[in-house]
Visitor: 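Please read through the structure below; I'll follow up with questions.
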Amino acid sequence: MRKINVFDTTLRDGEQSAGVNLNFEEKLEIAKQLERLGVDVMEAGFPASSQGDFRSVQAIANTVKGSSVTGLARSVTNDIDVAWEALKNSAEPRIHVFLATSPIHMTYKLRMTPDEVVRTAVESVKYAKAKFPQVQWSAEDASRSELPFLATIIEAVIDAGATVINLPDTVGYTTPHEIGNMFRYLTENVPNIDRAILSTHNHDDLGMAVANSLAAIQNGAGQVECTMNGIGERAGNASLEEIAVALNIRKDHYQADTGLTLKEIKRSSSLVSKLTGMIVPSNKAVVGANAFAHESGIHQDGVLKNKETYEIFTPELVGVSSNRMVLGKHSGRHAFKEKIVELGFNGTEDQLQTIFKAFKDLADKKKDVTEDDLFALMTEATVGEAVAHYELEALQVNYGTNNIPTATITLNVPSEGTIQEAATGSGSVEAIYNTLERMIDGPVILEDYRIQSINGGRDALAEVFVKIQYDGVESTGRGTAHDVLEASAKAYIHAINRTINRRAYNAERMKQLNA
Ligand code: KIV
Ligand code: ZN
């Protein structure tokens with residue numbers, strides 16, 4: 001059985017998804033979860049791209065010790081120097097340097113000849129190798145590159161010190177047959193290929209990212225790059241959970257497996273979905289809400305007689321618990337704590353107290369509190385904003401089919417005390433947002449608003465995601481509450497707090513740089 005290394009790029013390529021904007025605390029939380037999942041390598045960001053990315057890559061490199069942490073760099077010395085500063089204290093410093101190799105990228109984007117590209121790639125790998133024990137080199141747009149040229153440049157960068165060679169299908173153009181040929185060709189035509197691990201990295205523009213990844217593995221790739229829930233640039237990247245489960249369930253066919261702790265998949269997926277605001281479609285393989293739902297009578301009958309008639313793997317394999325009702329209003333603090341620790345809680349006593357209170361409030365309104373409810377409360381309490389400039393204290397909405405909807409809101413503003421305001425709107429949510437806009441000194445543009453229920457049922461928790469533009473900056477926010485209007489208000493306030501924190505961080509950085 002071959003061991004396939006999993007290189008997770010949720011925090012780099014995944015974070016490049018349109019509308020996704022994770023902050024420092026959120027990235028750290030996802031990194032810790034990826035470590036629990038057991039990924040071999042996690043790409044924590046692109047350190048030279050911004051101060052924020054540098055800070056989070058550095059914090060992740062200093063915190064995560066069970067996975068190798070890496071950062072992306074262009075083939076320029078400054079990017080490599082900055083990546084070294086961010087990654088030098090990681091358990092196994094590793095850099096990911098890339099340069100495009102396809103005719104279209106070399107001619108129009110890089111404006112370099114193929115010889116110049118080889119020289120630049122070799123120089124950057126040598127420069128990186130003087131600092132990093134592990135150097136991964138990527139041939140951007142490899143799937144549209146000429147195979148003999150790829151063979152030449154790969155041989156040269158391996159001689160220069162690269163230990164992993166990644167061959168991305170950057171634009172999601174290739175097919176399983178073609179990518180298989182590419183990996184086979186390079187395995188057979190690069191003389192020093194045994195000194196490096198070949199890696200595959202696929203985008204999903206034609207919906208073939210997972211199939212292409214598996215075909216590459218069958219033809220020599222020893223590392224697969226992917227993201228949780230398949231998030232990423234444009235149509236996304238190959239989805240980690242689909243590759244991991246496909247390899248595990250079809251070991252007979254692939255003769256390969258990852259070392260992942262598969263039962264952490266569901267939690268990883270839920271965390272990434274909550275923190276990025278990218279909702280997982282219910283029909284999504286492995287982690288969608290319907291992935292184990294049997295609707296047709298014939299299927300239900302079959303499953304009752306023998307699960308394997310229609311179920312090729314159990315929900316438990318990927319951490320989906322069949323016993324979803326976990327606690328009720330009579331559950332005590334001890335049972336509660338045990339449950340949330342089981343769900344991955346490792347926060348402070350204060351956070352535990354906050355979640356317990358939120359649980360008790362919810363249990364008063366909702367008969368059965370499920371694991372998903374607890375997970376939502378836990379995420380809200382433990383991955384909040386570093387500073388809450390505005391806190392919702394009270395919300396009242398008057399709505400009637402023949403009235404003008406009016407919202408009255410009280411906010412707690414630590415620097416000012418309590419403030420109150422009221423405004424109208426053409427609907428309840430608009431009335432709330434018009435009121436908040438006055439209170440925080442708008443204007444605020446609402447670019448996106450999405451709502452979903454956790455688990456379903458008429459007493460379900462509501463989860464709202466918003467994307468706003470405030471102070472010239474785009475930001476996202478999320479809010480969970482038993483009531484949809486309260487969840488809507490919380491999501492908006494969360495987005496505002498995030499913007500203010502980011503502005504404060506940037507101002508502080510400018511001050512330091514100018515000092
Ligand atoms: O898709 C791609 O080519 C990339 C590279 C930077 C590896 O993400
Ligand atoms: Zn990519």
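Just so you know, ligand 1 is whichever comes first in the structure, and atom 1 is the first atom listed for that ligand.
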Visitor: What atoms of ligand 1 come within less than 4.0 Å of a heavy atom belonging to P168?
Guide: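 Numbered from 1, ligand 1 contributes 2 (C), 3 (O), 7 (C).
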Visitor: Who's closest to atom 7 (C) of ligand 1 heavy-atom-wise, of H96, E140, H203, E225?
Guide: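 Residue with the shortest heavy-atom distance to the ligand atom: H96.
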Visitor: Nearest 0.5 Å, please: how far is CD1 in I179 from CD in Q218?
Guide: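 CD1 of I179 is found 11.5 Å from CD of Q218.
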Visitor: So, Q33 and E264: side-chain donor and acceptor under 3.5 Å apart, yes or no?
Guide: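 Yes - a donor-acceptor pair under 3.5 Å links their side chains.
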Visitor: Quick check: of its N, O or S atoms, which one does H203 have closest to the Zn ion (ligand 2)?
Guide: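 H203's closest N, O or S atom to the Zn ion (ligand 2) is named NE2.
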Visitor: Please identify which atoms of ligand 1 are closer than 4.0 Å to at least one heavy atom of D13.
Guide: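 Under 4.0 Å from D13, ligand 1 has these atoms: 8 (O).
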Visitor: Would one find more than 12 heavy atoms of other residues, nucleotides or ligands at under 6.0 Å from atom OH of Y173?
Guide: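 No.
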Visitor: Does any N, O or S atom in D13 come within less than 2.8 Å of the Zn ion (ligand 2)?
Guide: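 So D13 does bind the Zn ion (ligand 2) by this criterion.
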Visitor: If you measure every N/O of T170 against every N/O of ligand 1, is any gap under 3.5 Å?
Guide: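 There is such a contact, yes.
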Visitor: Salt bridge check: are R478 and E26 linked by an N-O gap of less than 4.0 Å?
Guide: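 E26 and R478: salt-bridged.
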Visitor: What I want to find out is whether D53 reaches K27 closely enough, with some N-O distance under 4.0 Å, to be called a salt bridge.
Guide: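 Salt bridge: yes.
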Visitor: Between E29 and K274, does any NZ, NE, NH1 or NH2 come within less than 4.0 Å of an OD or OE carboxylate oxygen?
Guide: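 Salt bridge: no.
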Visitor: For atom 6 (C) of ligand 1, what is the nearest protein heavy atom, given as residue, atom name and distance?
Guide: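 Here the nearest protein heavy atom works out to R12 NH2, 3.7 Å.
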Visitor: Quick one: which ligand 1 atoms are inside 4.0 Å of a heavy atom on H201?
Guide: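 Near H201, meaning under 4.0 Å from one of its heavy atoms, ligand 1 has 1 (O), 2 (C), 4 (C), 8 (O).
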